Amino acid sequence: MGLQLVVIQALAGLASAMFLFLVAAGLSLIFGVSRIVNFAHGSFYMLAAYVTYSLTQSLPSSPWSFWLALLVAPLAIAALGGFIEVALLRRVYRAPEISQLLLTFALVLFFGDAVKYLWGVSNKSVPMPALLAGSVPLWGQPFPVYYLLVIALGPLLMAGLWLLFYRTRFGILVRAATEDREMVAALGEDQARLFTRVFVFGSWLAGLGGTLAAPMVALTPGMDATVIVEAFVVVVVGGMGSFSGSLLAALLIGELQSFGLLVFPRLPMILVFALMAVVLIVRPWGLLGTPPPVLRGESGAAARPPGRSLAGRLGWLAVGLGLVLLPAGAGPFTLLVAVEALTFALFACSLHVLMGYGGMLSFGHAAYFGLGAYGAALWLTRGGLPMPAAAALGTVTAALAAALFGLFCVRLRGIYFSMLTLAFAQVAYTVVFQWYDFTGGDNGLLGVWPPLWLASPQAYYFFTLAVVGGAVWLLHALLRSPFGLTLRAIRDNPRRALTVGLGVASHQYAAFVIAGFFAGVAGVLFAFQKGSVFPDYLFVLKSLEPLVMILLGGMQSFAGPLLGAGLYKLLDTVVTAYVEYWSALLGLILIALVLLCPQGLTGAVPSGWQPWRVSRGH
Amino acid sequence: MRTYRRVRGMWGLCLVLLSSAVLAQPIRIGEINSYSGVGAAFTKPYRDAVELAQEEINAAGGVLGRPLEILFRDDKLRPDEAVKHAQELVFQQRVHFLMGTFSSAVGLAVSEFARRHRVLFLAAEPLTEALTWQKGHRYVFRVRPNTWVQGRILAERAARLPYTTYAVIGPDYEYGHKAWEGFWQRLQALKPGVRLVSASWPKLGAGEFSAHITKIVQAQPEAVYTSLFGSDWIAFVKQATPFGLFAKHFFIGILLGEPEYIDPLGPDAPEGMLVTGYPWYAIDTPAHRAFVEAYQRKTGTHPFLGSLVGYITLHSLARAIAAAGTLDTERVIDAFEGLTVPTPIGPVTYRDFDHQSTMGAWVGTSRYDPTRGVAIMVDWTYVPGEQVLPSREEVARLRGQ
């Protein structure tokens, strides 16, 4: 490898590192100060790129149209960010983490559809500004001027940020708030104003990134997802809230990819998430991050203990009876939708055990759902086992994966735990996606059907009902057992639990494996319903579905997620058949729920009749 | 006596009315495709053409005297979602046949459902060869030529070119790899001594290729083969052009001459590339001209490849039903096997042993057309499927029989 190759390859890596840094910087800043994980940051990036497109289209003859866009588009996005912060986010700073996450996720859904509505779904292209369209020779090889500009912009931006944060009062406040926002509030600084200004500035950075990237990429409604995932990795690897950390991580990832692909043509897909996992294991708060401050008075997403009152039992009985009688009055498709709803009810319930009762918010729960499905499918199609054996081994596969990943995950807290679960899930997804000889890769595994005695929709419905009913009953019993009580004690105050001699890590680990196991059961049921398994089942979007269900149904009660799953599947089946912009609608529903009814639907039921929400022992 | 005759006449009238009411019951077809999300840009022309074909067929009296009714469903590019719709269409809506799908994974999932429940599924656009070969079965048929066929067609042309060192860049999923393997195996057989000097597999939708581009630059291949498409292809062109990649290397691109992929690039489209595609502007047969005119009348725009596929898909299914003379799935399949269907691009046959249609592909060179402001294909030829599809024995081997 000659020096020339090294330099050219390094420059290419540097250019992509700078794009990464631009987006990640704003994300990191917002998280550092307000502790909001802003999924919509990628949407802002995308919107800026589309605004740039519209501006350059409306002034096609002017050589200055791009430069005008560079000025206007980020400002427009900053204004939008300010509006969103004041109108929406400000209301959830004290809400549980999950509500904040789902609110920004709802914005992603909404803006995704807004872009489709406003600009259409076909790919758009922003012309390169004439001044920067050319290239300069480096060792006889042309190198694009635009990349050189972007590379130069990185240090400039860094210098600007340094001046801002170390030489202005705003910057000093931001740094202080990142360190200890309650102290800043106690000193009389208006927190609300500070948060708004930080959010506006962070959005401006996302807008700048989107505008600068526009001439180099194709504009497509999916570009937000790509960018937000990469930006997240950068922020987590570098340390949340640390600018220099983000820069370091962006450089590291950019160059690692650039040189890594020289050696391994197929490496980069797994590389970034493997790197994130390793960094989180070795240095949970990132390369240059500081350990998270202990937050006082933080409200968690605590679920109340499951009850056993008479009213509660009657409610369960009524629902159970209704489900048993359902096939009498329902057609085969209704039953299949019910099977899907039951499956996801168990999936959501298993996550709820981890999140609501264990205080551990997983972003990668689909890994165990998907590995359960794949385990069963592999034992069935490759192992030649009959369905019951394959199904049992599928759940074991999921539990084993949870046992392995859990070893590392339960050592972390809060958002770092969430990120590590996400990293592991993405690694598992990539392995399944790329291992063609074993998993069938993205073409999946076909022929995963139950035996004949379960083939009819009625039979499979009763089978699913029995399995899900039994599993939910087990989880309910588990949460009422000493184990469940201990788990809640740890959730509410890990330090005190440790002091009184409880095995904090071992309990959390056990909860993680149990949740993984039951997610695996749901995955197995899902696989045999669909007849085929695909890598999609492990993807991050599948991890988000149970979270949305939990929020819909209400995370305070044990029954909330079950109800939420039913409602979500109903909406998903009925509404999507009639509404073209169903994502936007789901987003609006989520926003309304988070703001108006943060306790979910089980929290919205009038207090006179709440069979499933019993507060005894509270 | 007169009363008796009158009564008998009324009975007869009733019977005629009743039977025509039964006969006028539409034939229901479930059509599953990626109508929202990133797939929508490609499925819109497809759907327009399906509707065009439906109007034509129904205006001509339908099939077996019954009109066609099409129930469109959006799979959101997700295989499990597609299976849900297949269940709804078959169990609840009682459709007679299934058709459609765009992504390979979705196509395979619906195909598996069709096999299990013995429903005829006519796959339109999925490109994976597994659909009709390795995973093929009695209940699935496919219209579009798969990756293997298109790669082979490109290899036949590339073998006549002087280039011996190649680089490849494609999206890291089944399509990207298979689109290359079909080409490369054939090229190696035709032209021993060709060498692969650089391989790049960025993930699908990566959007950022600078390091892959510099890698290709450094490897100094004579020719570059690419299976990138859609937004990845646009981004790659924008990023690779200032590196001088298209000026220095000969490019071969699978599917990249299709209006779906070449139109969005406008004047930026690289010239002189060897591509497969669809030169709708230059196919000068009466049948094709009529199709283009009808399509333009309906939509106000020119056809895309997806339009042609959609049009052929519904007409093929209608022909098969008419040939069977019944809606019985097994008998329609029997009639479909070996059926030759007239299409705007000439007769296409559904082979009896693998259910793959013999629709071929156009191969040619890209060149900018200033009158339309987009690049077009020149020096093109149409290679019919019969010339390149594997034989009955080869398919049997692929299926492990």
Side-chain angles (χ1 to χ4, degrees), chain A residues 5 8-9 11-13 15-16 19 116 121-123 125 128 133-135 141-147 215-218 220-223 226 257-258 261-262 265-266 268-269 331-333 336-337 340 433-434 436 441-444 446-447 449 457 526 530-532 534 536-537 573 576-577 580, chain B residues 35-41 44 73-74 76 78-80 83-84 87-88 91-93 104-105 108-109 111-113 115-116 128 130 135 172-174 177 198-203 205-208 210-215 217-218 230-235 238-239 242-244 264-266 268:
Chain A
L5 170 61
I8 297 267
Q9 203 66 21
L11 282 176
S16 58
F19 280 121
K116 283 181 208 157
V121 286
S122 62
N123 296 311
S125 172
M128 181 69 72
S135 45
Q141 291 289 353
F143 197 88
V145 174
Y146 197 74
Y147 279 164
M216 291 311 286
V217 298
T220 139
M223 67 192 288
T226 319
Q257 279 190 328
S258 192
L261 62 85
L262 285 184
R266 297 186 60 194
M269 194 159 156
F333 178 64
L336 286 167
V337 172
E340 212 170 306
F433 192 97
Q434 294 196 323
Y436 286 92
D442 47 294
N443 271 354
L446 308 179
W449 296 108
F526 194 64
K530 296 292 176 188
S532 45
F534 292 93
D536 265 18
Y537 296 4
T573 307
T576 63
E580 192 185 348
Chain B
Y35 291 115
S36 68
V38 283
K44 173 88 170 64
R73 293 290 183 272
D74 174 21
K76 301 173 199 160
R78 272 172 31 208
D80 52 319
V83 174
K84 188 169 92 178
Q87 290 168 338
E88 189 245 350
F91 296 141
Q92 180 139 317
Q93 305 293 344
S104 287
L108 285 167
S111 162
E112 178 60 25
F113 173 85
R115 184 181 72 84
R116 172 79 168 184
T128 178
K135 305 281 179 192
D172 191 9
Y173 78 120
E174 201 249 8
H177 288 282
S198 165
S200 286
W201 301 105
K203 75 172 200 282
E208 216 283 310
S210 50
H212 293 281
I213 293 164
T214 49
K215 178 182 172 179
V217 168
Q218 305 291 339
S231 61
D232 275 348
W233 173 238
I234 296 175
K238 301 194 92 168
Q239 292 161 26
F243 278 101
L265 282 166
D268 294 340

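If you're wondering where the values come from, they're calculated on a predicted model, not measured in any experiment.
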Item to check | Listed partners of A/F19 passing ring pair (Phe, Tyr, Trp, His ring centres under 6.0 Å), at least two apart | outcome: none
Checklist entry - For A/D536, is it the side chain, the backbone, both, or neither that has a heavy atom closer than 4.5 Å to a heavy atom of chain B? => result side chain
Checklist entry - Under a 4.5 Å heavy-atom cut-off, does chain A meet the side chain of B/K135, its backbone, both or neither? => result side chain
Item to check | Results of ring pair (Phe, Tyr, Trp, His ring centres under 6.0 Å) for A/F143 - residues two or more places apart only | outcome: B/F243
Checklist entry - Can you name the closest pair of heavy atoms from B/A109 and B/P79 and give their distance? => result CB-CB, 3.8 Å
Checklist entry - Can you tell me how far CE of A/M216 sits from OG of B/S210, rounded to the nearest 0.5 angstrom? => result 7.5 Å
Checklist entry - Tell me, side chain or backbone of A/K530 under 4.5 Å from chain B's heavy atoms, or both, or neither? => result both
Checklist entry - Counting heavy-atom pairs under 4.5 Å to chain B, which of A/N443, A/V337, A/N123 comes out on top? => result A/N443
Checklist entry - Can you find a side-chain donor-acceptor pair between B/D268 and A/S125 that sits under 3.5 Å? => result no
Checklist entry - So what's closer than 4.5 Å to chain B heavy atoms on A/T226: side chain, backbone, both or neither? => result side chain
Next on the checklist: Would you call the rings of A/F526 and A/Y537 parallel, tilted or perpendicular, taking 30° and 60° as the class edges?
Outcome noted: perpendicular
Next on the checklist: Using a 4.5 angstrom heavy-atom cutoff, name the option from A/A218, A/P144, A/S532 with the most pairs to chain B.
Outcome noted: A/P144
Next on the checklist: With chain B as the partner, which of A/G441, A/A133, A/S258, A/G13 has the greatest number of non-hydrogen pairs under 4.5 Å?
Outcome noted: A/S258
Next on the checklist: Quiz question: by atom type and distance under 3.5 Å, do the side chains of A/Y436 and A/D442 form a donor-acceptor pair?
Outcome noted: yes
Checklist outcome for this item: Heavy-atom nearest pair, A/V217 first then B/K238, reads O-CD, 3.7 Å
Item to check | Under 4.5 Å from a heavy atom of chain B, the part of A/S122 involved | outcome: both
Item to check | For chain A, the option from B/K84, B/Q92, B/R115, B/R78 that forms the most heavy-atom pairs under 4.5 Å | outcome: B/K84
Checklist entry - Is chain B contacted by the side chain of A/L336, its backbone, both, or neither, given a heavy-atom distance below 4.5 Å? => result side chain
Checklist entry - Among A/P457, A/G447, A/G444, A/G531, who wins on heavy-atom pairs under 4.5 Å with chain B? => result A/G447
Next on the checklist: Walk me through whether B/T214 and A/Q9 qualify under side-chain hydrogen bond (donor to acceptor under 3.5 Å, both in side chains).
Outcome noted: CA-CA 6 Å; B/T214 49; A/Q9 203 66 21; 2.9 Å; yes
Checklist outcome for this item: The interface call for B/K76 against chain A, heavy-atom contacts under 4.5 Å, is side chain
Item to check | Contacting moiety of B/E112, where chain A heavy atoms sit under 4.5 Å | outcome: both
Checklist entry - Contact part of B/R73 toward chain A, heavy-atom cut-off under 4.5 Å: side chain, backbone, both or neither? => result neither
